[in-house]
Amino acid sequence: MIRSELIQKIADENPHLTQRHVERIVNTVFDEIIEALARGDRVELRGFGAFSVKARDARLGRNPRTGESVQVEDKKVPFFKTGKLLRDRLNGK
Amino acid sequence: MSEKTLTRMDLTEAVFREVGLSRNESANLVESVLQHMSDALASGETVKISSFGTFSVRAKSARVGRNPKTGDEVPISPRRVLSFRPSHLMKDRVAAGKKKK
């Protein structure tokens, strides 16, 4: 399923809303999650999962092509942990 | 860093502000987004949201695990797990957020 299919499904269920409206609603949900993570906040959606930011320490990396050592700076990366309900659903519980 | 946790309520509020539907209807639409994504994933489908990320279902085979407290061996049955791969946009936004502080 891709973004446009998700929008279509929700539009079909809500005939009183225009496609444009549904698009804005769906985009707002995803944008809001990205903005929260960019601020370093967590987003916890019970039953679905939780988005958070993890810190990665600086390390000495290696250019796989040349074998040269390069300093990789510490950074923050997005992380998703699946919620219990969804995890159980994936396994047919 | 003042770390905050957002919930469905915050997403509902954002939709409410953005589109001007009632809070109740905004809440239902947020729930609907999560529900459709969950349904697709439960049926084994990959959910690919451009400029956000990709959720995919991966099968894990059975293996022998260990209770870290007692050291007992316990069989772990084959199962399906969800993996999320953030988009470049999300990775960049999260990485950039740090530098601004």
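Proteins come first, then strands; the chains are lettered A, B, ... in the order of their sequence lines, and each starts at number 1. Heavy-atom basis, side chains included; hydrogens, waters and symmetry copies ignored.
For B:S32, the parts lying near chain A are the backbone and the side chain together; criterion is any non-hydrogen pair under 4.5 Å. Only the side chain of A:N14 has a heavy atom closer than 4.5 Å to any heavy atom of chain B. In this structure, chain B has a heavy atom under 4.5 Å from the side chain of A:L86, while its backbone stays farther away. With a 4.5 angstrom heavy-atom cutoff, B:N28 does not touch chain A via any of its atoms. Residue contact with chain B, scored on non-hydrogen atoms closer than 4.5 Å, involves the backbone and the side chain of A:V29 alike. For A:F79, no part lies near chain B; criterion is any non-hydrogen pair under 4.5 Å.
Side-chain polar atoms of B:S51 and A:R3 form a donor-acceptor pair below 3.5 angstrom.
One hydrophobic cluster holds both B:V47 and A:L90 under the rule that ILVMFWY side chains link at heavy-atom gaps under 4.5 Å. Cluster annotation: B:F52 and B:L89 are assigned to the same hydrophobic cluster (Ile/Leu/Val/Met/Phe/Trp/Tyr, side-chain heavy-atom contacts under 4.5 Å, transitive). B:L34 and B:L21 fall within a single hydrophobic cluster, where Ile, Leu, Val, Met, Phe, Trp and Tyr are joined by side-chain heavy atoms under 4.5 Å apart, directly or via other members. Neither B:F84 nor A:V77 shares a network with the other; the hydrophobic side chains, linked directly or stepwise wherever heavy atoms of I, L, V, M, F, W or Y lie under 4.5 Å apart, form separate groups for each. In the hydrophobic clustering of this structure, B:V57 groups with B:M37; members are Ile, Leu, Val, Met, Phe, Trp, Tyr whose side-chain heavy atoms approach within less than 4.5 Å, directly or through other members.
When A:E5, A:H21, A:E32, A:R24 are compared by the number of non-hydrogen pairs under 4.5 Å with chain B, A:R24 comes out ahead. The residue among B:G53, B:S87, B:A40, B:S50 with the most heavy atom pairs within less than 4.5 Å of chain A is B:S50. Counting heavy-atom pairs closer than 4.5 Å to chain A, the top residue among B:V19, B:V30, B:T12 is B:V19.
Test A:L6, A:I7, A:V26 against B:H36 for side-chain contact (heavy atoms from CB on, under 4.5 Å) and you get one pass: A:L6.
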message: Run A:I10 and B:L29 through side-chain contact (heavy atoms from CB on, under 4.5 Å) and show every step you take.
response: CA-CA 8 Å; A:I10 295 170; B:L29 286 159; 3.8 Å; yes
task: Determine, stepwise, if the pair B:L82 / A:F80 fulfils side-chain contact (heavy atoms from CB on, under 4.5 Å).
output: CA-CA 9 Å; B:L82 184 55; A:F80 176 74; 3.8 Å; yes
query: How far apart are the C-alpha atoms of B:E18 and A:I25, what are their side-chain angles, what is the distance that settles it, and do they pass the side-chain contact (heavy atoms from CB on, under 4.5 Å) test?
result: CA-CA 8 Å; B:E18 176 73 24; A:I25 291 159; over 6 Å; no
task: Show your working on side-chain contact (heavy atoms from CB on, under 4.5 Å) between B:L11 and A:L45 and close with a plain yes or no.
output: CA-CA 10 Å; B:L11 299 184; A:L45 303 166; 3.7 Å; yes
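Environment of NE2 in A:H16: crowded, with over 12 heavy atoms of neighbouring residues, nucleotides or ligands closer than 6.0 Å. Annotation for B:R17: atom CZ counts as buried by contact number, over 12 foreign heavy atoms lying within 6.0 Å. Heavy-atom contacts from other residues, nucleotides or ligands closer than 6.0 Å to NZ of B:K91 number more than 12.
Note that CG of A:D41 is 7.5 Å distant from OG1 of B:T5, once rounded to the nearest 0.5 Å. One finds the CD1 atom of B:I49 at 9.5 Å from the CG atom of A:N27 (value rounded to the nearest 0.5 Å). Interatomic distance, CZ of A:R87 versus CZ of B:R80, reported as 14.5 Å (0.5 Å rounding).
Checking side-chain atoms of A:R39 against main-chain N and O of B:K4 turns up no donor-acceptor pair under 3.5 Å. A:R89 places no side-chain N or O within 3.5 Å of a backbone atom of B:A42 that could act as its donor or acceptor partner.
For the pair A:F30 and B:V33, the minimum side-chain heavy-atom distance is below 4.5 Å.
Pairing each heavy atom of A:A38 with each of B:R93, the nearest pair is CB-O, 3.6 Å.
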